[in-house]
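Below is one structure, written out as C-alpha cells, with a few remarks after it.
Everything numeric here is computed off the predicted structure, so don't read it as measured data.
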Amino acid sequence: MTPQELSEHLHSCVHAAISVGQLVLDINDVPHVIVVERPKNLEHGDWATNVALQISKKAGLNPRQAAEILLPYVLDTDGIESAEIAGPGFINIRLSKASQGELVLDIVEAANSYGKSDSLAGKSFNMEFISANPTGPLHLGHSRWAAVGDAIARVLEAHGAHAIREFYINDRGVQMDKFGASTRAAALGQPIPEDGYHGAYIPVLAKEIVANDPQIVDLEEPQRTIAFREAAYELQLADQKRVLDLFNTHFDVWYSERSLHESGAVDVGFAKLREQGHMFEDGGAVWLRTTDFDDDKDRVLVKADGELTYFASDTAYYVDKRARGFDVCIYLLGADHHGYVNRLRAVAACAGDEPDDHIEVLVGQMVKMMKGGEEVRLSKRAGNLITLEDLIDEVGVDAARYSLIRYPVDSPLVLDLDLLVQRTSDNPVYYVQYAHARIASVIRNAADLGVISADTQSWNPADFDPSLLADDREGQLIGLLADYPRVVTSAVELREPHRIARHLEEIATGYHRFYDACRVLPQGDEPATPLTISRLWLCAATRQTIFNGLELLGVSAPERM
RNA sequence: GCGCUCGUAGCUCAACGGAUAGAGCAUUUGACUACGGAUCAAAAGGUUAGGGGUUCGAAUCCCUUCGAGCGCGCCA
C-alpha cells in the first residue's frame, strides 16, 4: 500500500463513520486530501495522519475522541498491521511487511516515471529567469536562479506541465551604449569612461572584436562605437549561452527587448492597457495607474520627451507572454528587485488578468561566497568578479548546481568555496551521488556473480518477497522511498526544489544505514538466497528513486565515482 | 521616513500550523581479514532575537520592540 492509497483509504474511513452516524460532520468539511506523513520519530510507526485533529472541531469532538471513532475503521483494513492513537490525536499506522514492500516492485516497474504525475497536464508556464544585461559575464548573483529556476521548470514538467525557460535580453538602453564605448576605448588604448564597464573581460572582448574585424577601428564616429556595441553584444551573449549550456541550464527562448519594440509588441501591449482603462497622461508623460492594484506609486510608460521607459517594455512583455498562450508567467527576481513584485502584479491586473492566477513573482536572496574565511566580493564593474564560469571551474557543475538548489531561496545564502570542493559528506552532493554509485556497484557485482541480470527491468517480480525485508532499516528505507512522490508534489506546489534535495539526502542516509547493517550479496562460497534477491530489489528501487530525484535537479547520477 | 525580505546549535542551514525543533561541519568517542570507509554508530551542543496575542497545538499566523540585508527615478 502506498501512502497515496492509504490517504484515499482514510478518506473512505471518515465517510464510513459519517454514514453510520458516528461522526456528525458535513462531507464538505472533510479535507479533500488527507495528510499521511512519515512520523519524525520512527517508533511511532510507518505513517501518521492528523485527520482526527483536523475534523474534530467541526464534528464537535476533541481530537482524541474523533480518533477513537476512526480507529476501528482504520484497523479493519487489509495490509494495516496495527494502528494506535498518540499524542493529541494522531493516528499512527504500521503496515504489514508485504503491504509495505509492494512499493519496491512499483518503483522498479515505474522506473523513470516514479515520482512523476500529470497533475499539471495541459497547463502552460513561462519561467523567466536570469535576464541579465548582455554587457558582461554571468556572475554569482545569476547563478542561484540559473540552478533553481531550471529545477523548478524540471519539476513542473515532472507533473505534466508545459514549462518554457525564457531569458529576457536587456539589449536596449544606455547601458548598451556604455558597453560599446567601453570596448571601443579598450581597443583604442584609451581610458575607459568613468561610467563604463571596468571588468577585466572588457579588454579581452575588445581584442576579440578587433581580431574579427580589423577595419572596425577605422570607422567614423558614431558608427564606430555602435559597431563595437553590436559586436560586443553578440560575443557576450554567445558567452552567456555557452556558460549556461555548460551549467546544464538550457533556455527555450532568448527574448530580445529590442525585438519587443521592433515587432510592434509594445503597441499591442499599450492598446491592451488603454482598452482596460488604466493609462493616463500627466505632465506630458503617459502613465499606468498601477496604484489601482496595490503598487505604491503610478509608473511612467512614456517620458515627456517621448522616450519609452524600461517599464514600458516590462508591461508589453507581460502582455506578449500571455498572448503567446502561457497560463502562468513566473518571474524569478533577485532580492535587489523585490520592489518589482507589486508593480508586476499590478501590470497583470492592469492588463485585465487576475494576478493570483496568472503571475507569480519569486524573489531569491543574495548569495555570498566565502574563501579562506573571507567574503569574496563580487562587483560587475570591478575586476575581481566571480563569474558563474569561475564557480563551475572551481567546484564542478554538479556540486555548484546542487549547492545552490538545496537551500530555499528566500534566505540569503553563504557558500564556502573551500568546503564545496571537498569530496566528503560535508558536501551533500557527493553523499547522494555516492549512494547511487554504491548501489550501482552492488548490482554490477551481483550480475558478475551471476545472481541476477544487470537489467533490472528483466527481473522477475515473483522472486521478490517483501516479508523477508524485516530489518528496521529496510522498513525505514522503503518508507523514505514511498514518501518521495509526496515530496516532489510539495516541491512543485511550493516552487521549492530544495525539498527534493533534502529528501534525497535522507534516502542516501537510509541506504547507507541499510547497507551497513544488511549484507546484500552472498559472501565467499555462499549461495544467493531469496533474501539476497529481495534486497537487490530494494537496492534497485533506491537507485531508481535517487536517479529520478537528481534528474529533477539537473545533477548527474554517476554509476561510478 | 516608507516598503519588502529575513533573524533557529559555535558555523552553514532544515523543519507545508503538528508529537521530544532536526542535519552536516567543527569538538569528543567508537566500528573494517565482508558487497565502494566518499561509510556507519554514539556523545555534546537550543529560552527558535525579546515581549504580547490567536488555538487542541506556533520557529511557522497576527501585533510590537530590537537587529540585519535590500529597495523606494520621466535610470536601465
Side-chain angles (χ1 to χ4, degrees), chain A residues 35 37 39-41 44 48 50 52-54 56-57 61-64 86-90 92 133 135 170 172-176 178 257 282-287 296-297 299-311 313 334-342 363-366 368 370 403 406-408 410-416 419 422-428 430-431 433-435 437-446 448-449 486-487 489-491 493-494 496 498-499 502 505-506 508-509 511-524 532 535 539 560-561:
Chain A
V35 176
E37 282 185 317
K40 277 181 198 162
N41 185 340
H44 290 159
N50 64 356
L53 295 127
Q54 301 219 311
S56 59
K57 195 166 194 176
L61 300 167
N62 75 45
R64 283 195 75 105
F90 292 100
N92 292 332
N133 295 333
T135 54
N170 293 141
R172 199 170 162 277
V174 296
Q175 89 281 359
M176 291 299 292
K178 289 176 182 171
E257 185 186 354
D282 185 50
V286 179
W287 298 68
D296 51 353
K297 57 188 72 167
R299 307 290 169 181
V300 173
L301 292 167
V302 187
K303 296 188 267 179
D305 65 6
E307 285 289 314
L308 293 165
T309 61
Y310 184 80
F311 181 67
S313 301
D336 53 340
H337 285 73
H338 68 253
Y340 285 54
V341 176
N342 281 343
V363 174
Q365 298 294 320
M366 303 292 188
K368 257 203 299 193
M370 305 293 284
S403 308
R406 80 182 281 266
Y407 305 98
D410 54 10
S411 279
L413 176 61
V414 179
L415 293 179
D416 188 331
L419 294 180
Q422 287 178 24
R423 303 189 148 209
T424 66
S425 59
D426 181 38
N427 197 351
Y430 292 116
Y431 184 77
Q433 288 183 319
Y434 177 66
R438 197 180 213 188
I439 300 168
S441 167
V442 170
I443 293 175
R444 264 197 312 271
N445 293 345
D448 289 347
L449 289 172
R486 188 190 59 82
V487 172
T489 299
S490 73
E493 290 171 351
L494 301 169
E496 291 186 345
H498 78 273
R499 291 170 186 279
R502 298 289 173 161
E505 290 165 28
E506 286 189 43
T509 297
Y511 184 79
H512 289 311
R513 290 165 64 110
F514 153 76
Y515 181 91
D516 196 60
C518 304
R519 173 81 199 186
V520 178
L521 297 178
Q523 301 183 60
T532 305
R535 284 182 170 163
C539 288
R560 290 185 166 85
M561 292 174 72

Can you name the residues that form a ring pair (Phe, Tyr, Trp, His ring centres under 6.0 Å) with [X], not counting sequence neighbours?
{"X": "A:H512", "result": "A:Y431, A:Y434"}
{"X": "A:Y407", "result": "none"}
{"X": "A:F90", "result": "none"}

Inter-nucleotide [atom1] distance ([N], [M]), Å rounded:
{"N": "B:U48", "M": "B:A21", "atom1": "P", "result": "10 Å"}
{"N": "B:U60", "M": "B:U55", "atom1": "P", "result": "15 Å"}
{"N": "B:A9", "M": "B:A44", "atom1": "C1'", "result": "11 Å"}
{"N": "B:A23", "M": "B:A14", "atom1": "C1'", "result": "7 Å"}
{"N": "B:C63", "M": "B:U54", "atom1": "C1'", "result": "11 Å"}

Can a side chain N or O of A:N50 be found less than 4.0 Å away from OP1 or OP2 on B:A19?
->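 No, because none of the side-chain N or O atoms of A:N50 sits under 4.0 Å from OP1 or OP2 of B:A19.
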Taking only side-chain nitrogens and oxygens of A:Y511, does any of them come within less than 4.0 Å of OP1 or OP2 of B:G36?
->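 So the side-chain polar atoms of A:Y511 never come under 4.0 Å of the phosphate oxygens OP1 or OP2 of B:G36.
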side-chain contact (heavy atoms from CB on, under 4.5 Å) partners of [X], counting only residues at least two apart:
{"X": "A:R299", "result": "A:T290, A:D295, A:D296, A:K297, A:F311, A:R343"}
{"X": "A:T532", "result": "A:V451, A:P522, A:A528, A:T529, A:L536"}
{"X": "A:E493", "result": "A:T489"}

Residue list, salt bridge (charged side-chain N to carboxylate O under 4.0 Å, His left out) with A:E506, at least two apart or on another chain =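 Residues passing salt bridge (charged side-chain N to carboxylate O under 4.0 Å, His left out) with A:E506: none at all.
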Summarise how protein sits on nucleotides 69-76 of chain B as a single string, 5' to 3': B when a protein heavy atom is under 4.0 Å from the base, S for sugar-phosphate-only contact, - for no contact.
-> -BSSSBBB
Contact string for nucleotides 41-50 of chain B, one letter per nucleotide 5' to 3', B = base within protein heavy-atom range under 4.0 Å, S = sugar-phosphate only, - = neither, reads S---------
How long is the line joining CZ of A:R519 and P of B:U33, in whole Å?
->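 After rounding, the reported distance stands at 14 Å.
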Strictly under 3.5 Å: I want the nitrogen or oxygen pairs between protein and nucleotides 13-15 of chain B, one per line.
{"residue": "B:C13", "atom": "OP1", "partner": "A:P412", "partner atom": "O", "Å": "3.3"}
{"residue": "B:C13", "atom": "OP1", "partner": "A:V414", "partner atom": "N", "Å": "2.4"}
{"residue": "B:C13", "atom": "O2'", "partner": "A:R502", "partner atom": "NH2", "Å": "2.7"}
{"residue": "B:A14", "atom": "OP1", "partner": "A:P408", "partner atom": "N", "Å": "3.4"}
{"residue": "B:A15", "atom": "OP1", "partner": "A:H498", "partner atom": "NE2", "Å": "2.8"}

Using a heavy-atom cut-off of under 4.0 Å over every strand shown, decide if A:C539 touches base, sugar-phosphate, or nothing.
->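 Nothing, no nucleic acid heavy atom in range.
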A:S313: side chain to side chain donor-acceptor pair (under 3.5 Å) partners, not counting sequence neighbours |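 A:S313: side chain to side chain donor-acceptor pair (under 3.5 Å) contacts with A:E257, A:H261.
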With A:E496, which residues qualify under side chain to side chain donor-acceptor pair (under 3.5 Å), at least two apart?
->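 Once residues adjacent in sequence are excluded, the partners of A:E496 under the side chain to side chain donor-acceptor pair (under 3.5 Å) criterion are A:R499.
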Residue closer to the 5' end of RNA chain B, A:Q54 versus A:V442 (nearest nucleotide) |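 Whichever sits nearer the 5' end wins; that is A:Q54.
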Face-to-face stacking of A:F90 with B:A19, centres under 5.5 angstrom, angle under 30° =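 The ring of A:F90 is stacked on B:A19.
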